[in-house]
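Beneath this line is the structure, given in structure tokens, with notes to follow.
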Amino acid sequence: MNIQQLEQINAYSWRLPRLFDEKRSEVLLYGSEVLLETMDDKVLEQIRNVAMLPGLVGPAMTMPDAHWGYGFPIGGVAAFDAEQGGIISAGGVGFDISCGIRCLRTNLRVHEIEDDLENLADLLYARIPAGLGTTGDLRLTVPELDEVLRKGAKWALKQGYGLPEDLAFIEEGGCMENAEPDFVSDLAKKRQLGEMGTLGSGNHYLEVQVVEKIYDEEAARAFGISEGQILISIHCGSRGLGHQIGSDYMVILAKEARRLGITIPDRELACVPILSDAGQRYIGAMNAGINCALANRQILTHLTREVFGILFTGSSVDTLYDVSHNTCKKERHIVDGKARDLWVHRKGATRAFGPGHRQLPPEYRSVGQPVIIGGSMGTGSYILAGSDTSEARSFASASHGAGRAMSRHQAKKRWSGREVLDRLKGEGILIRSDSMRGISEEAPEAYKDVDEVAKVTEEAGLARRVAFLSPKVCIKG
DNA sequence: ATGTGC
């Protein structure tokens, strides 16, 4: 991206000046010079288009890890007021509805597992279903799946997956309200009947990590983490169901937008008023997709616990937090001193409630919501916490990952999967995957510098760094 | 992301 066209506000935020006849809201980009310079021009084009949508409140924003996506950029944040004609867009949520990260903390130190890493990798790989089109052990009927879609992680718990104390550390307590299975197509449900408790493919993973460095002692204490501790991060979403809901509603909302005479700058931005019938149906279906993802990560948490229970007798595995990356949620935010209910699209962006937020579990309330920036296979991840400035800067949103720097196609041409695997093994990182092609597409170098993303996220006031985690074992989809 | 796809 040519940053000459941007107006720099400070070291980590930039605005796109409006042409004299340009009808749109403010566009705000968070990022350092180097992150923005390497960002695709498409990101700017896409977020400028978002700024033209009806009912937008505040600026259309991109997070430091933004990259090109379908309609909205990934790393895009935009809030809309339903009462002022605000819209909802399936492209603003993304295909993998409620894709996110469940972070687990163990009572193990790195030296206690070091000699068992190969076994751990093998057993996790054997027990965690991963890869495109993979099914799990569960075969649900449609009425059973409807219950999953209504109850989310609470359903999984009732089936014996997980511990009751997990729920308090999942966004929405593990169950998104107002989920409407009736607004989810039969095809979407059919695709999901065998896919509960599966990781999926692409950038999804289950990673065993060690806490390498603590940045914020107080927050680390609240999150129950310290240097040398073993954590596990599970990155996955709503599988075939979420994808099918996205595909279905992309068509439905586009048709409805045409009927309502809503003009959009890009057909991928198909959207309808939040208060319209189609808008309400999409919200009901999306919420069902969120519950599917929450239940999915809950089952995977249970499978992970089983593996750790087999290999490390007496170990404990607790939920640190579960964050979603692809959602649109109704939240109360202060705008110009006034509280307003806004529908915040976060596509490839993490909710980052600051200290004191009532929806946070009491244990974390004084330090802010855990924000997890998932790295790529070789480069490590960060845990951050929502800060006092998060709400004013970004409607309490922050980066979600390293963000791609290179297309999958480019990455595949550059490295072979074997090459990447061997190199990582040399660095002491064990990878297990069915897909060599996936490994080459997911090469660490195909991603932005996660250290830079985390640092800039903090310096932009979106969230503050708490801990850096380095990978030991990675099960890739 | 995805029973990878105009």
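Residue numbers begin at 1 in each chain, while the letters A, B, ... track the order of the sequences.
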Which is true for G94(A) with a 4.0 Å heavy-atom rule: it touches a base, it touches only sugar-phosphate, or it touches nothing? nothing

Pair E452(A), S32(A): side-chain N/O donor-acceptor within cut-off below 3.5 Å: yes

Assign G202(A) to base, sugar-phosphate, or nothing according to its heavy-atom contacts below 4.0 angstrom with the strands shown. sugar-phosphate

Nearest-nucleotide comparison on DNA chain B, the residue closer to the 5′ end among H235(A) and L132(A): H235(A)

Report which part of the nucleic acid R408(A) touches: base, sugar-phosphate, or nothing (heavy-atom distance under 4.0 Å, all strands). sugar-phosphate

Given dT2(B), is OP1 or OP2 found less than 4.0 Å from the side-chain N or O atoms of S247(A)? no

Which part of the nucleic acid does L187(A) contact within heavy-atom distance under 4.0 Å: base, sugar-phosphate only, or nothing? base

I need the CG-P distance between D96(A) and dT2(B), as an integer number of Å. 6 Å

Can you find a pair of side-chain heavy atoms, one from Q209(A) and one from K472(A), that are under 4.5 Å apart? no

Between P on dG5(B) and NE2 on H409(A), what's the gap in Å once rounded to a whole number? 16 Å

In whole angstrom, give the distance that lies between atom CD of E442(A) and atom P of dT2(B). 11 Å

Rounded to whole Å, please give me the gap between CG in L199(A) and P in dT2(B). 9 Å

For E195(A), answer base if it contacts any base atom (sugar-phosphate contacts may also be present), sugar-phosphate if it contacts only those atoms, and nothing otherwise; contact means non-hydrogen atoms under 4.0 Å. sugar-phosphate

D248(A) CG to dT2(B) P: how many Å, rounded? 16 Å

Using a cut-off of 4.0 Å on non-hydrogen atoms, how would the nucleic acid contact of S238(A) be classed: base, sugar-phosphate, or nothing? nothing

According to the interplanar angle, ranging from 0 to 90°, do the rings of H333(A) and F395(A) count as parallel (below 30°), tilted (30 to 60°) or perpendicular (above 60°)? perpendicular

Check H345(A) against F72(A) and note the closest heavy-atom contact, atom names and distance. CB-CE2, 4.1 Å

